[in-house]
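Take a look at the structure set out below.
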Amino acid sequence: MATEFENRVDALTKEVTDLANELRDKADMPIDRVASIEEEITAKSAQIDSLLEEKRIKEVEARVNAIDDRLKAFGRSQASQKASAILSAVSSQPSVKSVGRYNEDNFLAAIVNQRKGDVDAQAFVKSVLGTSDATGQSIVPNNFVAALVTQIAAQNPYRDLFNVVQVGNGAAIDIPYETTAITAALLQGAYGSNKDVRDFAFGQATATLYQIAQIADIGNQLLRQSNGAAEAAARRRLAKSIGATEAQYINNGSGSSQPLGFFAAIGAYGDPAAFRTALSSEPRAAAIGRGISAMEARGIVADQANLCVVMHPTDFWELATEGLGTSYAGGWAIDPADGAAGSPPITSVWGVPIRRDPYWPAAKIGTALIIERSEVEIYVSDEFRIDVSDGGTRFDQNVTGFRGEEMFGFNAEPYVRTGRVQQVTGI
């Protein structure tokens with residue numbers, strides 16, 4: 001077919017060339033002959049164009065027919081394979097990954113619809129990734145509607161005891177404090193005599209604001225199918241984790257690249273005997289009473305309800321369950337109104353609130369602190385906040401990150417130096 005077209009085109013091309021040569025070489029050719037040659041050249045050129053177009057159409061038809069024949073052959077081959085599989089008791093359907101109506105054969109639809117919020121499409125697009133129980137990524141059954149069971153954790157007990165001060169953006173807070181003890185004024189002498197003049201001095205401590213932060217990663221499947229329980233758990237855990245860090249800084253922060261806590265401040269700024277009470281041959285509550293007495297001797301009166309006692313839970317329960325005499329022959333040191341097991345935990349000793357701190361340093365179990373809390377301040381900037389993100393690698397991992405953070409500052413130096421903290425050791 002191609003040869004026939006080529007021969008016809010070649011013949012017409014030669015005729016057009018001959019006519020063109022005749023027209024060029026006959027300068028004295030009559031006008032009517034010139035017009036006749038031009039008309040023949042135009043007609044033959046049109047024939048050539050028509051032949052070339054017909055050739056292209058024929059070639060396209062031939063290619064389409066060839067593709068159609070290949071598809072038919074492929075279909076017959078697939079049908080033959082399926083028939084063979086059925087006869088050999090093998091499933092005729094290949095194994096494909098699927099979620100709902102989405103599978104490997106229509107994955108493009110899943111990619112489009114997952115951006116529109118289609119849950120099945122989102123699950124299918126992400127199901128190709130490996131998942132782990134560590135971040136709750138495993139797909140949760142659809143009937144998961146109960147609240148998550150969370151770990152037991154206590155929050156920072158000091159936020160209920162001390163003043164929480166919201167500060168503006170800054171690097172640190174200066175804390176001035178008096179370093180001169182208060183003494184009684186003198187009785188004025190005779191008329192015209194000089195008055196009693198006393199100077200008093202100030203010291204200054206600095207509470208640097210440090211950032212406390214933690215990120216909780218949770219699988220998107222769990223977030224979608226837990227009816228909000230997973231998100232609530234993430235926010236609760238972040239708040240409690242940061243509360244635990246606050247408590248650890250307040251009771252025992254080193255002061256180096258972190259807040260200065262009570263015990264480190266006591267070690268750094270002296271441990272005078274007047275600021276320490278040791279348990280002797282007496283009940284623990286009596287030793288705490290002697291510590292309160294020492295503070296009142298410095299003008300810090302317990303009756304003003306500005307004192308608190310903080311200790312480790314182990315010491316707290318030893319205090320609450322202490323007996324007098326051999327085998328409790330003398331009764332309870334702190335007599336419960338309804339019997340030991342019938343009464344709630346004690347909340348005060350000698351009228352002073354008592355709190356237990358689960359984040360108390362292990363090395364200080366056996367030591368309690370009596371704190372004059374009216375002027376003790378915790379500083380926070382921007383308060384506690386949570387940001388949520390599924391960008392970056394988390395999108396690829398099918399995970400949402402909950403980031404909790406706050407700026408936190410504390411410095412126990414002023415309170416230790418001015419005698420507002422009393423240790424009770426050996427309890």
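Just so it is clear, the structure is predicted and the values come from calculations on it, not from any experiment.
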Residues that F408 engages under ring-ring contact (aromatic ring centres under 6.0 Å, His included), provided they are two or more places apart:
none

Any side-chain to backbone donor/acceptor pair from S280 onto E282? Under 3.5 Å, distance only.
no

Expected output: side-chain D315 to main-chain G366 donor-acceptor under 3.5 Å:
yes

Residues that F275 engages under ring-ring contact (aromatic ring centres under 6.0 Å, His included), provided they are two or more places apart:
none

Does E322 use its side chain to pair, donor to acceptor, with the backbone of I334 at less than 3.5 Å?
no

Can you tell me if R355 uses its side chain to pair, donor with acceptor, with the backbone of D160 under 3.5 Å?
no

Look only at the side chain of R235 and the backbone of I386, and say whether a donor-acceptor pair between them is shorter than 3.5 Å.
no

Would you sort out whether L319 and V349 count as a side-chain contact (heavy atoms from CB on, under 4.5 Å), showing the intermediate values?
CA-CA 10 Å; L319 168 71; V349 178; 3.9 Å; yes

Residues which pass ring-ring contact (aromatic ring centres under 6.0 Å, His included) with F410, listed by chain and number, not counting sequence neighbours:
F262

For the backbone of E377 and the side chain of Y415, can you confirm whether one donor and one acceptor N or O come within less than 3.5 Å of each other?
yes

Between E246 and Y158, does any side-chain donor sit less than 3.5 Å from a side-chain acceptor?
no

Taking W317 for its side chain and T321 for its backbone only, find out whether a donor-acceptor pair lies under 3.5 Å.
no

Going by the side chain to side chain donor-acceptor pair (under 3.5 Å) test, name the single residue among T277, D271, T367 that passes it with Q423.
D271

Using 4.0 Å as the upper bound for N to carboxylate O, is an ion pair formed by D120 and R101?
no

Distance only, no hydrogens: is a donor on one side chain within 3.5 Å (strictly under) of an acceptor on the other, for S374 and E372?
yes

Any I266 side-chain heavy atom under 4.5 Å of L369 side chain
yes

Under a plain distance cut-off of 3.5 Å, with no hydrogens placed, do N220 and T400 share a side-chain donor-acceptor pair?
yes

